[in-house]
Amino acid sequence: MEDKDLIQLALGITPPWFVKELNLDTSEKRMDIYLDFIKGSKFLCPVCNELCPIHDTKERVWRHLDFFHYETYLHAKVPRIKCNGHGVKLTDLPWTRQNTGFTLFFEALIVAMCKEMSVASVADIVHIHEDSVWRILSHYVDKAKEERDISDLKTVGVDEIAVKKGHNYVTLFYDMEEARVIHIENGKRKDVFQKFRTEIAGKVDHEQIQYISMDMYPAFKSGAREYFPKATIVFDKFHVIKMMNDSVDRVRRTESKENHVLKNTRFMWLKNPERLSEKENVIMESIKNLDTKTAKAYQFRLALQRLWKIKEISVAREYLDKWHYWGTHSNIPEIISVSKAIKKHAQGILEAMKNGLNNGVAEGLNNKIKTAFKRSYGLKTEKYRNTMIYLMAGKLTLPTRC
């Protein structure tokens with residue numbers, strides 16, 4: 001088999017295209033592959049797919065996957081066809097998309113690499129500019145978003161993540177059943193729900209959404225009730241326990257100003273007993289039975305967690321009522337406050353338990369997103385940020401031709 005035939009097979013080039021010439025420059029570590037088409041060939045109109053004669057040709061070059069560690073470039077005279085119905089058009093090519101200087105294989109490699117490393121690192125490895133990498137990612141992410149199917153959306157998760165210092169947040173909407181981010185909005189006001197409903201209009205009937213899982217943030221509750229009035233608002237275990245953890249920590253911080261034994265123990269009070277290390281266990285055993293508000297608050301936390309081990313909802317309701325009673329009689333302001341909040345949202349908590357709903361999926365995706373942010377050392381624009389979120393957590397159908 002000749003070299004040109006081998007390269008043609010490797011490229012997946014089929015008639016009327018063929019490899020006309022190869023040029024290997026060992027000093028520059030570069031391979032140039034020249035493609036041509038059979039004379040007299042006709043090509044499809046990109047608008048109507050009718051075979052049309054050639055009007056003229058235009059020289060083009062595309063970066064391809066490296067061959068044998070040599071940077072590889074494809075060269076071809078791209079036909080412009082003359083269509084009776086649509087005039088002169090640049091025909092589509094099997095190895096690239098229009099208006100790009102890269103082959104489909106090369107772009108698929110870029111997308112795959114960016115899921116595992118920073119854009120800057122990818123650009124450095126393949127020797128192209130970062131902006132070129134971002135343009136490739138944005139194209140495929142935007143295309144995949146348009147083509148995704150969310151018609152069966154029934155359970156939506158909502159959470160906010162910080163994207164910059166200074167209380168800059170974005171609100172993420174999740175398809176909980178498919179474990180994917182489906183929408184991003186700046187801020188965390190109630191109007192993010194209005195924008196989300198507008199975004200999904202035409203793809204999803206907003207009245208088919210049965211559950212919206214969230215934390216107890218008032219703006220979220222207000223927005224969900226106003227723009228998704230038929231959905232049931234539920235509060236998952238993660239956010240309830242997080243609120244309880246925050247209360248325990250506030251008790252500890254206040255008390256540690258006078259009781260120095262509580263200093264540097266923050267994370268021990270936020271762990272379950274079985275998650276403590278040997279060293280932490282020794283410290284905890286020496287202080288958890290002390291007559292401190294922190295130790296009492298910790299016991300309320302452990303008691304609340306036992307709620308989710310109860311299978312019968314009627315029994316869980318009775319347990320939560322008792323927990324609320326003792327919490328409001330604890331004489332610890334922080335525990336009284338969180339007890340009242342949990343009682344107020346008890347129906348949503350129990351509804352989440354009844355239907356097995358939780359935001360564990362969302363938290364897992366958030367961790368992937370935060371890891372990508374740290375890896376990127378900051379993202380220059382909102383477009384880049386959203387592209388990275390969808391790339392990492394959108395569960396999109398992206399090119400795999402590499």
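Sequence positions, counted from 1, serve as the residue numbers for this chain.
Between the side chain of S339 and the backbone N or O of I335, at least one donor-acceptor pair lies under 3.5 Å. Between the side chain of D191 and the main chain of Q194, no donor-acceptor pair closer than 3.5 Å is present. Distance alone, capped at 3.5 Å, places no donor-acceptor pair between the K343 side chain and the H324 backbone. In terms of modelled atom types and a separation under 3.5 Å, the side chain of H239 and the main chain of F235 share no donor-acceptor contact. Between the side chain of T14 and the backbone N or O of G12 there is no donor-acceptor pair closer than 3.5 Å. Of the possible polar contacts, none joining the S222 side chain to the A219 backbone as a donor-acceptor pair under 3.5 Å is found. T96 contributes a side-chain N or O that, together with a main-chain N or O of F102, makes up a donor-acceptor pair within less than 3.5 Å.
Taking each heavy atom of A144 and L398 in turn, the nearest pair found is CB-CD2, 4.2 Å. The two residues S256 and L262 have their closest heavy-atom pair at CB-CB, 3.9 Å. Summarising the geometry of P79 relative to F43, their closest heavy-atom pair is CG-CE1, 3.6 Å, with the distance given to 0.1 Å. V19 and L22 make their closest contact through CG1-CD2, 4.0 Å (heavy atoms, listed as atom of the first residue, atom of the second, distance). Nearest heavy atoms, A295 versus I287: CB-O, 4.4 Å. Taking each heavy atom of Q98 and L90 in turn, the nearest pair found is NE2-O, 2.8 Å.
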> When you look at E177 and K154, which way does the salt bridge (Lys or Arg N to Asp or Glu O under 4.0 Å) test go after all the steps?
Replying inline: CA-CA 8 Å; E177 293 174 356; K154 291 183 176 63; 5.9 Å; no
> For Q210 and L357, what are the C-alpha separation, side-chain angles and deciding distance, and is it a side chain to side chain contact (heavy atoms under 4.5 Å, CB included)?
Replying inline: CA-CA 12 Å; Q210 299 174 358; L357 302 176; over 6 Å; no
>> With side chain to side chain contact (heavy atoms under 4.5 Å, CB included) as the criterion, how do F106 and V126 come out once you've worked through the C-alpha distance, each side chain's angles and the decisive distance to 0.1 Å?
In response: CA-CA 10 Å; F106 186 83; V126 299; 4.0 Å; yes
>> Would L320 and L304 count as a side chain to side chain contact (heavy atoms under 4.5 Å, CB included) here? Give the steps.
In response: CA-CA 8 Å; L320 193 57; L304 179 62; 4.2 Å; yes
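Under a cut-off of 6.0 angstrom, the local environment of NZ in K203 is crowded, with over 12 non-hydrogen atoms contributed by other residues, nucleotides or ligands. Around NZ of K188, the count of heavy atoms belonging to other residues, nucleotides or ligands within 6.0 Å exceeds 12. In the displayed structure, K89 atom NZ is contacted under 6.0 Å by at most 12 heavy atoms of other residues, nucleotides or ligands. In K145, the NZ atom is crowded: over 12 heavy atoms of neighbouring residues, nucleotides or ligands sit closer than 6.0 Å. Enclosure of atom NZ in K242 is not indicated, since only 12 or fewer non-hydrogen atoms of other residues, nucleotides or ligands lie within 6.0 angstrom. Within a 6.0 Å radius of CD in E147, other residues, nucleotides and ligands contribute more than 12 heavy atoms. Summarising the local packing, OH of Y325 is surrounded by 12 or fewer heavy atoms from other residues, nucleotides or ligands at distances under 6.0 Å. Other residues, nucleotides and ligands place more than 12 heavy atoms under 6.0 Å from the CG atom of N49.
Rounded to the nearest 0.5 angstrom, I212 CD1 and M176 CE are separated by 12.0 Å. Taking CG from D92 and SG from C45, the interatomic distance works out to 9.0 Å, rounded to the nearest 0.5 Å. Summarising the geometry, atom CG belonging to N366 is positioned 8.0 Å from atom CZ belonging to F238; distances are rounded to the nearest 0.5 Å. In this structure, NE2 on H129 lies 13.0 Å from CH2 on W134, to the nearest 0.5 angstrom. Atom CD1 in I81 sits 8.5 Å away from atom CG in L44 (nearest 0.5 Å). Taking CG of L350 as the reference point, atom OG of S314 lies at 10.0 Å (rounded to 0.5 Å).
Ring pair W308/Y319: centre-to-centre distance not below 6.0 Å. Residues Y227 and F196 place their aromatic rings such that the two centres sit no closer than 6.0 Å.
Contact annotation: the side chain of F373 approaches that of I389 to within less than 4.5 Å [non-hydrogen atoms, C-beta and beyond]. Side-chain contact between R135 and H139: absent, with no pair of heavy atoms (C-beta onward) separated by less than 4.5 Å. Using a 4.5 Å heavy-atom cutoff, the side chains of I349 and M216 are in contact. The shortest distance between side-chain heavy atoms of M214 and K221 falls below 4.5 Å. Within the 4.5 Å cutoff, the side chain of V181 has heavy atoms near those of the Y390 side chain. Two residues are said to be in side-chain contact when any heavy atoms from C-beta on lie closer than 4.5 Å; Y169 and V163 fail this criterion. Contact annotation: the side chain of D25 never approaches that of M31 to less than 4.5 Å [non-hydrogen atoms, C-beta and beyond]. Taking 4.5 Å as the limit, every side-chain heavy atom of V170 sits out of range of all side-chain heavy atoms of V192.
Side-chain N/O atoms of E185 and H183 include a donor and acceptor closer than 3.5 Å. Side chains of E107 and T100: a donor on one and an acceptor on the other come within 3.5 Å.
The side chain to side chain contact (heavy atoms under 4.5 Å, CB included) search around N272 returns E274, R275, R301, L302, Q305, not counting sequence neighbours. Applying the side chain to side chain contact (heavy atoms under 4.5 Å, CB included) criterion to K383, with sequence neighbours excluded, gives S138, D142, T381, T387.
Screening residues 65-81 for salt bridge (Lys or Arg N to Asp or Glu O under 4.0 Å), with sequence neighbours left out, gives D56-R80, R63-D66. Legend: side chain to side chain donor-acceptor pair (under 3.5 Å) pairs involving residues 347-356, not counting sequence neighbours, sorted by first then second residue: Y211-N355, R317-Q347, E351-N355. Pairs passing the side chain to side chain donor-acceptor pair (under 3.5 Å) check and including a residue from residues 257-267, sequence neighbours excluded, read T265-W269.
Salt bridge absent: K395 and D175 never bring a charged side-chain N and a carboxylate O closer than 4.0 Å. A salt bridge links D249 with R253: at least one charged nitrogen is closer than 4.0 Å to a carboxylate oxygen. Using a cut-off of 4.0 Å between Lys/Arg side-chain N and Asp/Glu carboxylate O, E255 and K293 are scored as not salt-bridged. A salt bridge does not link D246 to R250: none of the charged nitrogens lies less than 4.0 Å from a carboxylate oxygen.
For the pair R97 and Y140, the cation sits on the ring face: its NZ or CZ lies under 6.0 Å from the ring centre, inside 45° of the axis.
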Under 3.5 Å donor-acceptor pairs involving side-chain atoms of residues 32-41, not counting sequence neighbours:
from: D32; atom 1: OD1; to: R30; atom 2: NE; distance (Å): 3.1
from: D32; atom 1: OD1; to: R30; atom 2: NH2; distance (Å): 2.9
from: D32; atom 1: OD1; to: H75; atom 2: NE2; distance (Å): 2.6
from: D32; atom 1: OD2; to: R30; atom 2: NE; distance (Å): 2.9
from: S41; atom 1: OG; to: I38; atom 2: O; distance (Å): 2.5

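Screening H206, Q208, E207 against V204 for a side chain to side chain contact (heavy atoms under 4.5 Å, CB included) leaves a single residue, Q208.
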